[in-house]
Structures are given as C-alpha cells and as structure tokens.
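To keep things clear, I will list the structure first and then write my remarks on it.
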Amino acid sequence: MPGLLLGELFPNFEAETTTGKIKFHDFLGDSWGILFSHPRDYTPVCTTELGRATTLCLEFSRRNVKMIALSIDSLEDHHGWIKDILAYNTEGCGGAFPFPIIADHHRELAVGLGMLDPEEKDEHGMPLTARCVFVIGPDKRLKLSLLYPATTGRNFDEILRVIDSLQLTAHSRVATPADWQPGERVMVPPTMPEEEAAAMFPAGVYTKDLPSGRRYLRYTPQPQWRQSHTDSHSATDPNTQGEEVVKEKERKEKEEREKEEEEKDARPYDGGVLIISQDD
Ligand code: BEZ
C-alpha cells in the first residue's frame, strides 16, 4: 500500500473506531470521504486540528464528505481525548463529536498508507504518524493526498477549498487557478479546442493575450454545479454526520436570503448604472 497514487482504488481496510468497527468502503457508502491522521492523542496541535474539524463538520456534510480521523492510540485514549477536544472547542457540532477516530494502536494503517513521519518519534523511539490527508471520491478512488509533518498544523479552510475544486472539476471540464475560491472564474483546460470550449461554456470564454501568441490562458465563469445533500440523517450520529443540522442551517440561510431580497426590492431605484466588467 505505500505510495498510494492519485486515481488508485483506496484500500477497503477494516478498523476499530470510536463509533465501532468499520469496513472503509461501507463506511463511505456513496459519499466522498476525508481521512486525516494525527501523530498522537492528547497533543496540542492535534487538539486544535480536531477542534477545528469539529466546527467545520457541517461544511464537510454540506459537500457530502464523510470525515474520519486516525491516531495511533487506543480507543480508550481516543474517548478520553474527545472530551478534551469538545472542552477546547465548545462550538462542536450539535454538542456531539461528529466523526469517528480510528484506533491504529499497532500502526498497521499508518505504515500501510505511508503516514509515518520518521522525524517525529515517541518515547520508545517509534515514529509517529504525520498529518496526512486523503480525499476519496464516491468511486472509492484517491482524489488528493497531502502530507504535513507533525510540527505543522493543517489549514482546514484550504482543505474545504480543495474539496470544492475537486468536486467542481469532477462535475465540469474546467480547472481552478491559483488561490481560486468558489464562485470565481475558472480555467478552460488547455487541451480543449476553441470551438468545443465555445460550445461547452455558453457564458463565454475570455482569452488573455500573451507575448508567446499562444491562446492557452482561457477563463470562463464558474459553471453551476453544487447539489444539496439533504437526506434525513441525524445531527448527532457520527456515522451520518450532521445532515439534519445542515438542513436547518440551509433553511435559515434561505430565509435570510429571501428577507434580503425583499428588503432590496422595497428600496427605491437610485439611478445607479450597473457595470459588468471582465478584467484579466
Ligand atoms: C502536536 O500535536 O502538538 C504535536 C505532535 C507531535 C509532534 C509535535 C507536535
């Protein structure tokens, strides 16, 4: 298993977790998945990371991504540590810890999935797990892997941004540029002929003039793509990861949007001119 490549089928491993025994593919079902590893329970950086992941559980759920963490300690340690994480981060996800943590006490998965950081050792001189992130698609294939050393905590906003790009580009034949954020313009793939691009992107394709004369830097508005994932899952069940809460949040957001629209409609026209610009 070491050196899992992008596009490869992710191993269908069995594991003990804080919510029971799982077989990974069954755990994922039809969802996307994110598996992230941690060096050790009861460590400061890991606690901030899991606390942040807990706060973002609705964001992952909204994207139909099931979360699962891994650390090389026992289930008993995990359960104790979860209490600390929830105390550190009181926002949580409906009060409960929203995803399972795998107990990889014998480092079998950590070794098999290439997660060890040889630079960081425990009190017995054994290497700890690095901060590994795997994003797995609904086809159970690896879509992204990131590997951070134990001494650098991850940026979970970036992980969500990457998932947005992965899901967009799985749905539409586009690529996302540096620092792209959802809603911003995207790139037309360099291999797509101009006629095909014109047909594929009716919202328009803008080509930047370049000294080389080559017409490869082509932008188009981001295609619409997000479906909402709102089946009837419970907010506090870590195996269904907060769908009820997502529904409620989406309902509130919709209400707020409608209220804003109503307020806008009620305002008198101020004679302003709407300018739509396409800068490069
Ligand atoms: C931490 O999570 O704080 C940590 C773990 C291992 C090495 C360094 C930091």
Side-chain angles (χ1 to χ4, degrees), residues 1-4 10-11 13 15-19 22 24 27 33-61 65-136 142 144-163 238 241-242:
M1 281 197 283
L4 205 58
F10 205 85
F13 61 82
E16 293 285 356
T17 82
T18 47
T19 59
I22 60 153
F24 192 53
F27 166 78
I34 180 166
L35 166 60
F36 42 98
S37 63
H38 295 272
R40 232 33 241 249
D41 293 7
Y42 301 108
T43 49
V45 178
C46 298
T47 303
T48 61
E49 286 193 317
L50 279 189
R52 178 81 178 124
T54 307
T55 316
L56 291 174
C57 77
L58 297 185
E59 292 299 330
F60 284 97
S61 186
V65 180
K66 280 198 170 174
M67 307 164 82
I68 187 161
L70 176 150
S71 175
I72 52 176
D73 289 296
S74 66
L75 278 182
E76 196 189 346
D77 280 337
H78 287 355
H79 284 297
W81 186 34
I82 281 173
K83 290 187 193 135
D84 286 0
I85 297 163
L86 289 174
Y88 157 74
N89 178 8
T90 47
E91 275 181 58
C93 189
F97 197 75
F99 50 84
I101 307 179
I102 296 171
D104 192 27
H105 202 29
H106 300 294
R107 292 176 163 79
E108 280 162 12
L109 278 174
V111 172
L113 294 171
M115 291 171 160
L116 290 181
D117 179 352
E119 296 289 315
E120 289 294 337
K121 304 220 167 81
D122 68 10
E123 61 280 16
H124 307 295
M126 295 287 286
L128 299 175
T129 8
R131 300 184 194 282
C132 195
V133 179
F134 291 124
V135 178
I136 301 110
L142 181 66
L144 171 116
S145 72
L146 293 167
L147 189 58
Y148 288 54
T151 41
T152 302
R154 286 158 284 199
N155 181 329
F156 279 77
D157 291 325
E158 168 61 4
I159 292 172
L160 285 173
R161 191 195 73 89
V162 160
I163 288 171
Q241 311 209 347

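Numbering of ligands and ligand atoms starts at 1, following listing order. Since the structure is predicted, the reported quantities are computational estimates derived from the model, not experimental observations.
Listed by chain and residue number, nothing satisfies the salt bridge (Lys or Arg N to Asp or Glu O under 4.0 Å) test with E16 (two or more places apart in sequence, or in another chain). Listed by chain and residue number, R40, R107 satisfy the salt bridge (Lys or Arg N to Asp or Glu O under 4.0 Å) test with D122 (two or more places apart in sequence, or in another chain). Residues that satisfy the side chain to side chain contact (heavy atoms under 4.5 Å, CB included) test with T47, not counting sequence neighbours, are W81, I85, Y88.
Using a 30° and 60° split on the angle between ring planes, F97 and F99 fall in the tilted class, from 30° to 60°. Classified by interplanar angle (parallel below 30°, tilted 30° to 60°, perpendicular above 60°), the ring pair F134/F10 is perpendicular.
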May I have a table of the N/O to N/O pairs between ligand 1 and the protein that fall below 3.5 Å, each row giving the two atom names and the distance to 0.1 Å?
{"unit_1": "ligand 1", "atom_1": "2 (O)", "unit_2": "T43", "atom_2": "OG1", "d": "3.0"}
{"unit_1": "ligand 1", "atom_1": "2 (O)", "unit_2": "V45", "atom_2": "N", "d": "3.3"}
{"unit_1": "ligand 1", "atom_1": "2 (O)", "unit_2": "C46", "atom_2": "N", "d": "3.0"}
{"unit_1": "ligand 1", "atom_1": "2 (O)", "unit_2": "R131", "atom_2": "NH2", "d": "3.0"}
{"unit_1": "ligand 1", "atom_1": "3 (O)", "unit_2": "P44", "atom_2": "N", "d": "3.3"}
{"unit_1": "ligand 1", "atom_1": "3 (O)", "unit_2": "V45", "atom_2": "N", "d": "2.7"}

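In this structure, R52 does not pair ionically with E49, as no charged nitrogen and carboxylate oxygen lie closer than 4.0 Å.
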